[in-house]
Protein chains: 2
Amino acid sequence: MDRLKKPASPPKVYIEIVGKLREMIEEDGLEPGDKIPSERELSERLNVGRSSVREALRALELLGLIETRRGEGTFIRDFQEHRLVELLGTFFLQDEKVIKDLAETKTIIELDCLRLIASSAADQEIKDFKEWAGSTQFTDEMFFEHAARINPNRLMERIWRVVNSYAGCPADGRFIREKAEYLELIDSLFSRDMEKTLVVYSQKVRKLSNGE
Amino acid sequence: MDRLKKPASPPKVYIEIVGKLREMIEEDGLEPGDKIPSERELSERLNVGRSSVREALRALELLGLIETRRGEGTFIRDFQEHRLVELLGTFFLQDEKVIKDLAETKTIIELDCLRLIASSAADQEIKDFKEWAGSTQFTDEMFFEHAARINPNRLMERIWRVVNSYAGCPADGRFIREKAEYLELIDSLFSRDMEKTLVVYSQKVRKLSNGE
DNA sequence: GAATCTAAGTGGTCTGACCACGTATGTATA
DNA sequence: TATACATACGTGGTCAGACCACTTAGATTC
């Protein structure tokens, strides 16, 4: 039962390989899409077993940092698409209260996206947004998917997508509000009038809550 | 072994093992600290090679979801403390845009947390918050860690933690602003005066931006 | 009863083998 | 020459077995 100090556990090989890969990528200036050495070559170059190389690669793959194509090789992925949030989500998102939090969070994030759009999206994009909304039949989800996409912050878009994928369990709210409200919302964005946006949006939320 | 044809993309064994483990954890109600079956047992139970089991376990370990102790076994970790993110940070956080988005997102989420606190946290908690802030030496990160914790929405807290662990990898913002500003922020929460909170917070952000 | 030794169990690593798949090479054909 | 096909090679995907180092618990010994 003695809790004695642990001198220094020998570093795991696969962890070191992860580090080596990082260095390698940095030194060689490899970018998303580029190919990294084959498992066998890495195994030889680093003097480790191929299985250890694979453990490292598989871990990075699960993180979404690399992509492997059988018969072709291993490639660096677009890091902006790391799956961290999804993974954590799929692993422990079974709580009950979570459902309520999810809905709330979705609303919050959507508002954030609108804010970001109002404050720094290009006029043209908002214009396109309005045009799209005016000429298409869309659901609430589609509307905010569009908003998340044109918001200038990619990370916020990712967060929205994750939250949405969980919050939007098939059933609940696939309703379609009156298009006029959405158009009004876009107009408020275009005028960069955040005050107005907030009013319009919270009004929409209130309606939805009551309807539910 | 059954070798069935999979015309579509053949699912990788280690990915399926990750899924099986998730189910296993859920069904058996395993919690942080609990031990999961040994690699050899999993290999046998799932009819897969031990190396494939290891690939899955190593990936989850790198994610910080499990912990392995040589000679003892593999254990579930406290998910809330997934600090794996820093890995991603050290790996590919060279992209300017990503860093900017991160900082911006962190600010946004923090504001959201403040909003949530102001709108529905218990008075007592805000009071405790203020007391803590008044009697402790804290960093900006600690302050918002506290805020994220007492905000009523657990999902928002989790998002903050993720974003924070990403954003706070280098030694950038370990600064300590004047305590008075933070106290003022809490006061604005207590008075449920979101207007004021926004002003105070954005003021803080502006200062930080300039300081940087 | 306490200290010690021993065996079993577990993760850590390596090697070698086979498969499935993509691509490049080369050969045969039109 | 140009196209089509066939083959060989390289790559990731997976498995099996073998060690090693370490922890734990049971058996043994004092």
Side-chain angles (χ1 to χ4, degrees), chain A residues 1-21 24-25 28 30 32-77, chain B residues 1-21 24-25 30 33-77:
Chain A
M1 296 295 183
D2 312 54
R3 285 275 174 273
L4 295 182
K5 43 85 181 171
K6 301 195 323 190
S9 8
K12 300 186 182 182
V13 173
Y14 92 95
I15 292 288
E16 296 197 316
I17 295 176
V18 168
K20 289 285 177 59
L21 281 171
M24 206 173 291
I25 290 173
D28 298 1
L30 298 182
D34 289 346
K35 187 172 179 297
I36 66 179
S38 74
E39 297 179 353
R40 290 174 177 81
E41 185 182 338
L42 285 173
S43 164
E44 199 170 321
R45 250 163 68 176
L46 303 178
N47 275 305
V48 295
R50 190 185 157 209
S51 51
S52 292
V53 171
R54 281 186 61 82
E55 288 179 9
L57 291 180
R58 259 8 86 208
L60 294 180
E61 184 182 55
L62 191 68
L63 275 171
L65 300 181
I66 60 174
E67 176 185 3
T68 56
R69 295 198 282 270
R70 168 187 267 173
E72 296 180 62
T74 305
F75 306 81
I76 299 180
R77 282 187 59 161
Chain B
M1 310 302 165
D2 339 44
R3 270 280 164 260
L4 297 180
K5 300 179 182 179
K6 316 270 182 170
S9 43
K12 301 187 182 182
V13 173
Y14 92 96
I15 292 288
E16 297 195 317
I17 295 176
V18 169
K20 289 285 177 59
L21 281 172
M24 207 174 291
I25 291 175
L30 298 183
D34 289 345
K35 186 171 179 296
I36 66 178
S38 73
E39 298 180 352
R40 289 173 177 81
E41 185 181 340
L42 285 173
S43 165
E44 199 170 321
R45 251 162 68 174
L46 303 178
N47 275 304
V48 295
R50 189 184 158 209
S51 49
S52 291
V53 171
R54 282 187 60 81
E55 288 178 10
L57 292 179
R58 257 10 84 208
L60 293 179
E61 183 182 54
L62 192 68
L63 274 169
L65 300 182
I66 61 174
E67 176 185 4
T68 57
R69 295 199 281 271
R70 168 187 264 170
E72 296 180 62
T74 305
F75 306 82
I76 300 180
R77 284 187 57 160

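Just so it is clear: chains get the letters A, B, ... in the order the sequence lines come, proteins before strands, and each one is counted from 1.
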Pair B:R58 + B:E61, salt bridge at N-O below 4.0 Å: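 Yes, B:R58 and B:E61 are salt-bridged.
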
When you check the gap from the basic side-chain N to the acidic O, do A:R69 and A:E67 get nearer than 4.0 Å?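 Counted as a salt bridge, because a side-chain N and a carboxylate O are separated by less than 4.0 Å.
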
At less than 4.0 Å, is any side-chain N or O atom of B:T68 found next to OP1 or OP2 of C:dG12? Yes or no.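 Indeed, a polar side-chain atom of B:T68 lies that close.
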
Does a side-chain N or O from B:R58 land closer than 4.0 Å to OP1 or OP2 of C:dG12, or not?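 Result: yes.
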
Check: A:R50 side chain, D:dG13 base, donor-acceptor under 3.5 Å: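 For A:R50, whose side chain was compared with the base of D:dG13, there is a donor-acceptor pair (under 3.5 Å).
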
Using a 4.5 Å cut-off on heavy atoms from C-beta on, say whether the side chain of [Y] contacts that of [X].
| X | Y | value |
| --- | --- | --- |
| B:L42 | B:L21 | yes |
| A:R54 | B:S51 | no |
| A:I36 | A:D28 | no |

Please tabulate the protein-to-nucleotide N/O contacts below 3.5 Å involving nucleotides 6-10 of chain C, giving atom names and distances.
unit_1: C:dG9; atom_1: N2; unit_2: B:G71; atom_2: O; d: 3.2

Could you tell me the separation between the [atom1] atom of [X] and the [atom2] atom of [N], rounded to a whole number of Å?
| X | N | atom1 | atom2 | value |
| --- | --- | --- | --- | --- |
| B:I17 | D:dG13 | CD1 | C1' | 12 Å |
| A:L60 | D:dG12 | CG | C1' | 15 Å |
| B:E44 | C:dG11 | CD | C1' | 17 Å |
| A:E55 | C:dT13 | CD | P | 7 Å |
| A:F75 | C:dG22 | CZ | P | 12 Å |
| B:N47 | D:dT14 | CG | P | 14 Å |
| B:K12 | D:dT14 | NZ | P | 7 Å |
| B:R54 | C:dT13 | CZ | C1' | 7 Å |

Main chain of A:T74, side chain of A:T68: is a donor-acceptor contact present, judged purely on distance under 3.5 Å?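 No, because the side chain of A:T68 does not come within donor-acceptor range (under 3.5 Å) of the backbone of A:T74.
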
For A:E44, what residues pass the salt bridge (charged side-chain N to carboxylate O under 4.0 Å, His left out) criterion, not counting sequence neighbours?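 None.
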
